[in-house]
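This report concerns only the one structure given below.
Counting convention: from 1, in listed order, for ligands and their atoms alike.
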Amino acid sequence: MRLREMRRADMSGIVALEQELFPEDAWTPEMFAAEFAQPSARRLYLVAEEGTTLIGYAGMMFTGGSQADVVTLAVTPARWGEGTGTALLTALVREAEKRGYEEVLLEVREDNPRARRLYLRHGFAEIGIRRGYYQPSGVDAVVMRKALR
Ligand SMILES: CC(C)(COP(=O)(O)OP(=O)(O)OC[C@H]1O[C@@H](n2cnc3c(N)ncnc32)[C@H](O)[C@@H]1OP(=O)(O)O)[C@@H](O)C(=O)NCCC(=O)NCCS
């Protein structure tokens with residue numbers, strides 16, 4: 001498995017996985033296109049691939065100031081539990097450190113214990129709840145934070 005930066009050509013595979021994993025709040029191709037339109041200083045999108053097969057992806061937004069945000073993280077279900085999610089998350093956090101950010105924040109669905117465990121294991125703490133954050137489902141988001149220094 002190796003990580004590399006996301007390209008436009010990855011989009012069809014990513015959108016398919018997005019719909020499979022997040023049926024209620026999947027990103028559309030237009031949402032990814034808007035991210036690609038951002039300057040690279042403001043974002044980092046990575047894919048994980050095995051040979052030429054896409055098995056996961058993740059993205060981080062750098063909005064300036066002190067805080068970077070994990071905006072998406074996904075691994076194809078057939079490959080869960082092999083460390084791909086860990087590799088993607090670690091690469092994003094390292095990049096935030098390299099760019100001088102002080103903290104990483106993210107939101108995760110309250111009903112997603114697997115992802116919440118992954119973040120806890122990587123030093124994120126649960127710092128708050130955003131009620132009804134995910135729409136249209138109305139599921140709450142847990143806000144998590146990792147201090148980098
Ligand atoms: C959350 C998600 C990204 C995790 O990806 P993953 O590749 O399975 O993550 P990892 O393999 O690094 O770690 C997950 C589990 O596998 C275990 N694991 C890691 N490496 C392993 C290996 N080589 N062999 C066996 N198990 C392993 C970890 O201990 C962890 O177990 P735990 O959560 O019970 O403690 C993935 O489940 C996913 O895409 N879920 C749906 C989308 C989603 O919820 N995204 C997050 C939105 S905020």
Side-chain angles (χ1 to χ4, degrees), residues 1-7 9-36 38 42-63 66-99 101-148:
M1 188 269 295
R2 69 183 187 106
L3 304 184
R4 62 163 171 81
E5 279 206 47
M6 193 183 284
R7 301 192 279 258
D10 299 320
M11 221 24 60
S12 61
I14 286 168
V15 169
L17 194 51
E18 186 77 13
Q19 283 164 358
E20 180 185 353
L21 291 176
F22 308 106
E24 291 179 335
D25 10 67
W27 281 25
T28 61
E30 291 72 29
M31 290 162 84
F32 278 104
E35 288 300 308
F36 273 117
Q38 297 283 327
R42 295 178 68 92
R43 58 165 165 88
L44 178 67
Y45 279 80
L46 299 174
V47 299
E49 59 183 3
E50 188 77 66
T52 56
T53 307
L54 184 128
I55 59 170
Y57 55 92
M60 178 169 263
M61 213 158 61
F62 303 95
T63 41
S66 62
Q67 117 189 15
D69 295 271
V70 176
V71 290
T72 186
L73 173 66
V75 173
T76 197
R79 304 298 302 261
W80 285 2
E82 298 178 4
T84 304
T86 291
L88 286 163
L89 181 62
T90 303
L92 292 181
V93 170
R94 283 217 183 105
E95 184 65 20
E97 270 167 342
K98 217 167 91 185
R99 296 190 191 193
Y101 281 78
E102 289 172 14
E103 55 181 355
V104 176
L105 277 98
L106 59 82
E107 278 103 17
V108 55
R109 281 174 67 113
E110 187 274 328
D111 61 358
N112 189 349
R114 190 181 175 86
R116 287 171 68 180
R117 257 201 328 268
L118 178 77
Y119 297 132
L120 285 170
R121 226 178 30 248
H122 287 84
F124 285 81
E126 302 191 340
I127 58 165
I129 301 282
R130 291 194 209 283
R131 298 274 168 221
Y133 180 81
Y134 295 96
Q135 293 300 329
S137 60
V139 172
D140 295 345
V142 179
V143 183
M144 300 186 73
R145 172 182 183 272
K146 178 182 169 75
L148 301 181

Distance in Å, F62 CZ paired with E95 CD, rounded so as to fall on 0.5 Å steps: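 Going from the CZ atom of F62 to the CD atom of E95 covers 5.0 Å.
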
Quick test: of every protein heavy atom, which one is nearest to [atom], and how far off is it to 0.1 Å?
atom                    : value
atom 4 (C) of ligand 1  : L118 CD2, 4.0 Å
atom 36 (C) of ligand 1 : W80 NE1, 3.4 Å
atom 31 (O) of ligand 1 : R121 NH1, 3.7 Å
atom 39 (O) of ligand 1 : V75 N, 2.8 Å
atom 42 (C) of ligand 1 : F22 CZ, 3.5 Å

Expected output: side-chain [X] to main-chain [Y] donor-acceptor under 3.5 Å:
X    : Y    : value
D140 : G132 : yes
R116 : E110 : yes
R43  : F36  : yes

Y57 to M6 - nearest heavy-atom pair and separation: CB-CE, 3.8 Å

Atom of D69, atom of Q67 and distance for their closest heavy-atom approach: OD1-NE2, 3.7 Å

Any idea which atoms of ligand 1 are less than 4.0 Å away from a heavy-atom of [X]?
X    : result
T86  : 10 (P), 12 (O)
N112 : 43 (C), 44 (O)
A74  : 39 (O)

Note: E97-R94 ion pair, threshold 4.0 Å (strictly below): no

Does any N or O of ligand 1 fall below 3.5 Å from an N or O anywhere on [X], backbone included?
X    : result
G85  : yes
R114 : yes
G83  : yes

Applying a heavy-atom cut-off of 4.0 Å, say which part of [X] lies close to ligand 1: side chain, backbone, both or neither.
X    : answer
R117 : side chain
V70  : neither
Y119 : side chain

If you measure from [atom] to every heavy atom of [options], which option wins on shortest distance?
atom                    : options             : value
atom 3 (C) of ligand 1  : V71, L73, L120, T72 : L73
atom 17 (C) of ligand 1 : A87, A141, G81      : G81
atom 23 (N) of ligand 1 : R79, H122, E82      : E82

Minimum side-chain heavy-atom gap V143-R145 below 4.5 Å: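 No, their side chains stay 4.5 Å or more apart.
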
Side-chain touch D10/R4, heavy atoms, less than 4.5 angstrom: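 Yes, close enough: below the 4.5 Å cut-off.
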
Parallel, tilted or perpendicular: ring planes of F32 versus W27, cut at 30 and 60 degrees: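 Geometry flag for W27 against F32: tilted rings.
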
Criterion side-chain contact (heavy atoms from CB on, under 4.5 Å) on L44 and E5, from CA distance to verdict: CA-CA 8 Å; L44 178 67; E5 279 206 47; 3.9 Å; yes

